[in-house]
Amino acid sequence: MKVVSAENKANTAGTSPEGQEKPPAESVAPPQRPAGRAAEERKITGVSLSKGLAIGHAVLYEPCLTGMETVSGNTQAQLQRLRRATDSMHEAINRMLHHSATPTVTETRDILEAYQMFARDRGWLVRIEDAIARGLGAEAAVQHILEDTRTRMMQVSDGYIRERLQDMEDLSNRLLSHLVQLGENAALTPLPEDIILVARSLGPAALLDYDRDRLKGVVLEKGGYSNHVAIVARSLGIPVVGQCEDALSFARSGDPVIVDGDRGVAYLRPSQYDVDLYARSLEARAKRTRLYRRVQNQPCVTKDGVKVSVQMNAGLLSEVASMNNVGADGVGLFRTELSFMGWKKYPLVVTQAELYGKVMDHMCDKPVVFRTLDIGGDKPLPYFKAPHEENPALGWRAVRIGMDRPAVLRTQFRAFIRGAKGRNIKIMLPLVTEVAEYDRARQLLEMEKDRARRSNIPVPAKIELGVMLEVPSLLWQLDTLLETVDFISVGTNDLMQYLYVADRGSDIMRSRYDALSPAMLRVLKFIADQCRLAGVPVSVCGEMAGQPLEAMVLIVLGYEVLSVPAVSVEAVKMMIPTLDTSLLLPYLEQLMKSREHSLRERLLSFARDHQVNLVQNI
Ligand code: PEP
Ligand code: MG
């Protein structure tokens, strides 16, 4: 995270975070760059918490503390003020949750309801009352308790507890604004038509303070991808950039702001050049989306008749709910661990079953593939203690945990069966390294089927158990695996990491090797060919499939099911009807014999020469 001032960034407007000149995620002709620069323009590089672009004007989300009483001689009067303020805050929160366009997606609703309960937490209010009884004014007491909690919670690494801290900061700010008699939330003060909310951190309910049509984007000084506010923002489709250090000290109320949620960059007081660039990009996106809407539900077929199913990856119910909106043909990878990361303790079977059942309800007739827990490595669970390891990516993670703690895998299978309520289901195992692991998992699944039968719980007629192919060792047992496995999905993110021994989380390594390189493409071709020969369905669910150029190559290699991030569905679906696989296949076969580091440039030239539509992801 860094802040670049206008003076020392010399011409970085319209520049990617990596410093390479490129327009914002859209192929539009850049406007002419003016010779001079706008004073005090600031580009702040943070992280993307919710994708999308927005242009608008800053509304600073800060508690208004004028007229604050620090010390008080009249405890009773302060206690009464506190009670009046809490009552009016509770009323306002209830009104906001029930009368605004509150999203109906379960997680979002759960988050907001938990927030509402937190606002009513007696423990918090009693602590504030105690501080008043010790002689503080009501506002000072609220702040004192917040500071005290912040100091204690910051030492805790537990993600859930830290999340509660953000809710508490938000509630404390709300209570303060009621105490200083703002009475209502900031949304009642005159606001611009295109609001970009700039805040230190936000509670999930804060977004509902604002008219959805006017709230265009959010810039946060703090925040992580799994923060509640980020989850709610994604379900509302509001772009958010987090971890923008000092954004509040640099921003002034009413400043023009650009939020680039795709790249995790915010521009305060952007130059006209940047505004024009982003405005064109927004316009081009809107135009493309209008075009896409007309065709998104039609089958996707290449020029030479290859039918491709473009599905999406998801991890939350809110994402699944957006499936029809983005035009995905199903969910090719449902990452179950994401919900586990949001739960505060290891979930009961009923809790899991309820979620899986709801996911299936949303699917109508479209397919969904549930992946069993892929925890460990870069995805620890706060309540599931794992040993410390030097190299967690090579360690005790994913299906390996299920092998050593069969209860983890069995209870998840049990939850899938219960959630399915007799409907057919597809389950996929991550990071399978040897066939013996698959066989063991199958045994555990059979045990759970028997158990369900004994308990008179309906068992689906068809439970398919597939494998994510992401560890190279399995390539040398692929023929054996294909004798019994129901399907294969290639996880190119991890396959690339383990094949090239290049940490996918390392900035230095991320771009060192290219998935469009001879070795990786030969491996992908080998897998596709073997699966075809064995008659086993195969798909790709790594990020690679979400790039139109890479998707073009995968289809030619024989992958007819791609599961991509939701934001990539449109771009991949727009590419497919412009591709003729019969023209690229012989060329690709030649290219794969090349000694070159990457085939990207050659493939790009092919796409250009043959008018394959390679628009950037939306
Ligand atoms: C992969 O490894 O390609 C994959 C899709 O799984 P994840 O990114 O969750 O590890
Ligand atoms: Mg993986």
Side-chain angles (χ1 to χ4, degrees), residues 48 225-226 309-316 319-320 328 330-342 359 367-381 386 391-402 412 426-434 437-438 441 466-475 487-506 509-510 513-517 520-521 523-524 527-528 531 538-547 550-551 553-554 557 559 561-569 572 617:
S48 162
Y225 193 78
S226 57
S309 169
V310 183
Q311 306 182 5
M312 63 179 250
N313 298 341
L316 296 169
E319 293 173 279
V320 175
V331 173
L333 165 64
F334 185 84
R335 294 178 161 106
T336 57
E337 65 278 3
L338 294 196
S339 310
F340 276 71
M341 288 161 113
V359 170
V368 53
V369 181
F370 291 100
R371 177 172 77 180
T372 60
L373 273 184
D374 190 2
I375 50 171
D378 57 340
K379 291 179 257 186
L381 288 184
N391 295 306
L394 303 181
W396 200 56
R397 49 169 295 205
V399 82
R400 295 170 185 181
I401 296 179
Q412 203 172 17
K426 290 185 179 189
I427 305 169
M428 173 160 82
L429 303 163
L431 214 82
V432 173
T433 309
E434 54 179 11
E437 288 169 347
Y438 178 75
V467 158
M468 266 189 93
L469 213 167
E470 39 189 1
V471 183
S473 60
L474 209 51
L475 296 171
F487 62 91
I488 295 280
S489 188
V490 187
T492 49
N493 307 339
D494 275 318
L495 185 58
M496 203 47 211
Q497 147 161 286
Y498 298 126
L499 198 62
Y500 283 79
V501 197
D503 184 348
R504 65 190 260 187
S506 152
M509 282 303 127
R510 195 171 297 136
Y513 301 103
D514 195 343
L516 295 180
S517 53
M520 181 68 171
L521 295 189
V523 169
L524 288 166
I527 299 169
C531 289
V538 64
S539 62
V540 174
C541 64
E543 305 290 310
M544 176 184 181
Q547 305 301 323
E550 279 84 337
V553 174
L554 289 168
L557 290 176
Y559 293 92
V561 180
L562 304 177
S563 189
V564 306
V567 286
S568 307
V569 172
V572 172
N617 294 333

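Note that the coordinates shown come from a computational prediction; the quantities given were computed from them, not determined experimentally. Counting starts at 1 for both ligands and their atoms, following the listed order. For this chain, numbers begin at 1 and follow the sequence in order.
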Which segment of Asp374 sits under 4.0 Å of ligand 1 when only heavy atoms are counted: side chain
What are the atoms of ligand 1, with element, lying closer than 4.0 Å to any heavy atom of Leu333? 5 (C)
Atoms in ligand 1 with a heavy atom of Arg504 nearer than 4.0 Å: 2 (O), 7 (P), 8 (O), 10 (O)
N or O pair under 3.5 Å between Asp494 and ligand 1: yes
Gly542 neighbourhood, listing ligand 1 atoms whose heavy-atom distance to it stays under 4.0 Å: 3 (O), 5 (C)
Those residues at least two apart in sequence (or on a different chain) that pass side-chain hydrogen bond (donor to acceptor under 3.5 Å, both in side chains) with Tyr559 are none
Less than 4.5 Å apart, side chain to side chain, heavy atoms only: is that true for Val432 and Val471? no
Nearest to the Mg ion (ligand 2) - the N/O/S atom of Glu470, by atom name: OE1
Measure from the side-chain N and O atoms of Glu337 to the backbone N and O of Leu373, and report whether any donor-acceptor pair falls under 3.5 Å. no
Which part of Glu543 is near ligand 1, with near meaning a heavy atom under 4.0 Å away: side chain, backbone, both or neither? neither
Any chance you could lay out the side-chain contact (heavy atoms from CB on, under 4.5 Å) test for Glu470 and Leu431, step after step, and finish with the verdict? CA-CA 6 Å; Glu470 39 189 1; Leu431 214 82; 4.0 Å; yes
To check your reading of the model: name the closest protein heavy atom to atom 6 (O) of ligand 1, its residue, and the distance in Å. Arg371 NH1, 3.0 Å
Backbone or side-chain N/O/S of Asp494 under 2.8 Å of the Mg ion (ligand 2): yes
With Phe370, which residues qualify under ring-ring contact (aromatic ring centres under 6.0 Å, His included), at least two apart? Phe334, Tyr356, Phe416
Between the main-chain N or O of Glu543 and the side-chain N or O of Asn493, is there a donor-acceptor pair closer than 3.5 Å? yes
Check whether Tyr513 reaches the backbone of Met496 with its side chain - one donor and one acceptor, N or O, closer than 3.5 Å. no
